[in-house]
Protein chains: 2
Amino acid sequence: MALDNPTSQAAVTTADKVFEQMLHDIVEGNIQAGSKISEPELAKKFQISRSTLREALNRLEKCHLIERKANVGSRVVECSISGLLEIYIVREALEGMACRQAAQNMTDIEISEMRAMLKQHATAKALRDGIAYYQEEGDLDFHYKVILGSHNQQLINILCGQLYHLVRMYRCQFGMNSPRATKAFDEHSRIIEAIADRDGELAEMLMRRHIAASRKNIENKIAQQQ
Amino acid sequence: MALDNPTSQAAVTTADKVFEQMLHDIVEGNIQAGSKISEPELAKKFQISRSTLREALNRLEKCHLIERKANVGSRVVECSISGLLEIYIVREALEGMACRQAAQNMTDIEISEMRAMLKQHATAKALRDGIAYYQEEGDLDFHYKVILGSHNQQLINILCGQLYHLVRMYRCQFGMNSPRATKAFDEHSRIIEAIADRDGELAEMLMRRHIAASRKNIENKIAQQQ
DNA sequence: AATTCATTTATTGTCGACAATTAGTGGTTT
DNA sequence: AAACCACTAATTGTCGACAATAAATGAATT
């Protein structure tokens with residue numbers, strides 16, 4: 001067995017790299033939401049053939065970041081308020097369940113790692129009063145860890161593999177740094193305690209409320225603007 | 001605007017047709033679960049180029065029916081008991097939420113259509129004592145209608161677009177026709193009533209129990225076998 | 001002037017061939 | 001005999017070109 005890859009990490013093809021670059025560009029808004037994707041143009045930009053580009057586009061489509069119509073072409077998805085709320089609904093259901101499963105399936109080591117992470121976030125937060133930091137990176141870290149802790153491959157695939165890129169895209173496009181940072185932190189720590197107590201029912205309920213609170217926060221904002 | 005397509009249905013490419021054929025073959029088990037997919041072999045079988053075949057494979061991958069590794073190739077997914085249970089967990093969460101949303105968003109017309117469907121299933125069931133029929137087709141119909149009734153595009157995409165092919169595959173591979181047919185029918189009708197009452201909370205709870213009951217039914221079967 | 005239709009242009013879908021990587025084979029060494 | 005290595009064969013990734021479809025342009029008609 002000849003391993004070209006001593007660290008046994010999966011091979012990375014050209015299409016992979018282009019995918020990651022475009023993923024970044026779309027999430028950050030460098031490629032505008034709703035814009036049409038020209039295959040010849042992008043292939044030229046990346047100095048690759050259209051076949052390779054289309055391979056990358058297929059992966060973006062898997063993440064629901066672009067939409068393709070036969071014989072017509074691809075467009076970057078639009079970011080609408082209703083679309084954002086739809087995602088929150090899905091997250092409430094899926095992450096709630098992930099949290100219940102995490103309470104059941106996480107190892108003690110994983111739990112202590114989560115506690116350590118939260119503690120580190122707390123100090124970072126106090127130090128820099130880094131609301132923005134905590135809101136963006138810390139929040140995602142926390143949710144990721146819970147999802148992985150479910151040990152349910154389907155949940156992990158759907159949430160981490162596809163939905164979370166969309167979540168990140170919305171955060172960037174709408175510039176979301178709500179005043180919920182400190183409140184969110186408390187909610188996170190209560191969720192971890194429920195997981196540590198192996199109380200799946202409570203853990204699910206807390207996670208659902210946590211996500212629903214974010215959603216309602218947005219709904220209220222929208223209502224005020226009108 | 002020149003429409004070649006008077007019925008305004010989306011164009012169907014060669015890759016689409018190959019995808020649908022392979023989807024059928026994998027779900028029905030004609031292409032064995034866990035088996036390796038040889039691109040040259042399949043391309044020859046379908047009389048198409050590898051590019052077109054790979055386009056079809058990409059769509060199968062989106063449905064989580066095959067798994068690809070760079071520079072290695074594709075395999076049909078394995079059907080394991082643990083994998084089946086994982087899907088039930090996801091369905092419990094997502095269809096539960098879909099049901100809640102359906103109670104909120106379904107039109108009165110959609111609701112009466114669902115009632116009509118259930119009534120028709122009831123007569124079909126009585127007529128033919130068609131347990132198998134109801135279990136397979138009727139059950140899927142019911143769940144589909146609820147999901148669509150949520151009017152949440154993300155939920156619809158995930159459940160109808162990708163997860164349900166896997167569900168069908170497992171049903172075929174494991175030959176699932178449980179003795180829950182009549183019980184399931186009653187549960188379905190209670191769920192519809194909750195939706196008609198616009199009681200989202202109850203509707204979600206009933207749907208979750210409905211799916212959880214199926215899961216536990218399987219878990220018990222497995223436990224007995226050991 | 002607006003609409004319709006035919007023509008042209010551009011984009012997407014599909015093809016076959018080559019390059020890069022992996023899997024398989026046989027020989028060599030300990 | 002088992003493990004290692006070089007070599008061959010097969011498979012996957014990538015490329016450029018052609019065919020099929022959709023969009024854009026402009027001329028003709030009402």
Side-chain angles (χ1 to χ4, degrees), chain A residues 1-23 26 31-32 34-77, chain B residues 1-23 26 31-32 34-77:
Chain A
M1 144 172 153
L3 264 187
D4 248 25
N5 224 333
T7 55
S8 89
Q9 54 192 347
V12 173
T13 129
T14 310
D16 283 321
K17 292 181 216 159
V18 173
F19 161 70
E20 297 226 12
Q21 180 63 48
M22 289 191 68
L23 173 64
I26 290 176
I31 301 179
Q32 197 170 10
S35 63
K36 172 131 178 35
I37 287 179
S38 161
E39 293 184 6
E41 183 186 322
L42 275 176
K44 197 172 122 197
K45 174 181 162 190
F46 285 113
Q47 307 263 43
I48 57 175
S49 76
R50 271 182 56 227
S51 314
T52 309
L53 178 72
R54 281 161 70 86
E55 184 68 38
L57 293 183
N58 268 315
R59 284 175 223 185
L60 291 171
E61 198 186 1
K62 270 199 292 197
C63 305
H64 300 264
L65 289 176
I66 71 172
E67 288 166 349
R68 286 175 70 190
K69 272 189 208 159
N71 289 320
V72 174
S74 316
R75 302 195 82 89
V76 180
V77 294
Chain B
M1 145 170 154
L3 263 189
D4 248 24
N5 224 332
T7 54
S8 89
Q9 56 192 349
V12 173
T13 106
T14 309
D16 283 322
K17 292 182 216 158
V18 173
F19 161 70
E20 296 227 12
Q21 179 64 48
M22 289 192 68
L23 173 63
I26 290 177
I31 300 179
Q32 197 170 9
S35 63
K36 173 134 176 33
I37 287 179
S38 162
E39 292 184 6
E41 184 187 322
L42 274 177
K44 199 172 121 197
K45 173 183 162 189
F46 285 113
Q47 308 263 42
I48 58 176
S49 76
R50 271 183 55 228
S51 314
T52 311
L53 178 71
R54 282 161 70 86
E55 184 68 38
L57 293 183
N58 268 315
R59 282 172 225 188
L60 290 170
E61 198 186 2
K62 270 200 292 197
C63 304
H64 299 265
L65 289 176
I66 70 173
E67 287 166 348
R68 286 174 72 189
K69 271 189 209 162
N71 289 320
V72 175
S74 315
R75 304 194 82 89
V76 180
V77 295

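Reminder, nothing fancy here: chain letters follow the sequence lines and each chain counts from 1.
In plain terms, the two heavy atoms of L42(A) and I37(A) that are nearest each other are CD1-CG2, 3.5 Å.
When distances run from any side-chain atom of S51(A) to the nucleotides dT22(C), dC15(D), dT21(D), the shortest one goes to dC15(D). Checked against dG13(C), dT14(D), dT14(C), the side chain of A15(B) finds its nearest nucleotide in dT14(C). Side-chain proximity of T13(A) to the nucleotides dT12(C), dG13(D), dG16(C) is greatest for dG13(D). Side-chain atoms of N71(B) lie closest to dG13(D) of the nucleotides dG13(D), dT12(C), dC15(C). Picking from dA22(D), dT12(C), dT14(C) the nucleotide with the shortest atom distance to the side chain of T52(B) gives dT14(C). Candidate nucleotides dC15(C), dG13(D), dG16(D) were compared by shortest atom distance to the side chain of S49(A), and dG16(D) ranks first. Side chain of A70(B), nearest nucleotide from dT14(C), dG13(D), dC15(D): dG13(D).
Residue whose closest nucleotide on DNA chain C sits further toward the 5' end, between I37(A) and V72(B): I37(A).
For the OP1/OP2 pair of dT14(C) and a distance below 4.0 Å, the side-chain nitrogens and oxygens of R54(B) include no atom meeting the criterion. An OP1 or OP2 oxygen of dT12(C) is reached within less than 4.0 angstrom by a side-chain nitrogen or oxygen of K36(A).
For dG13(D), the base has a donor-acceptor partner in the side chain of R50(B) [N/O atoms by modelled type, under 3.5 angstrom].
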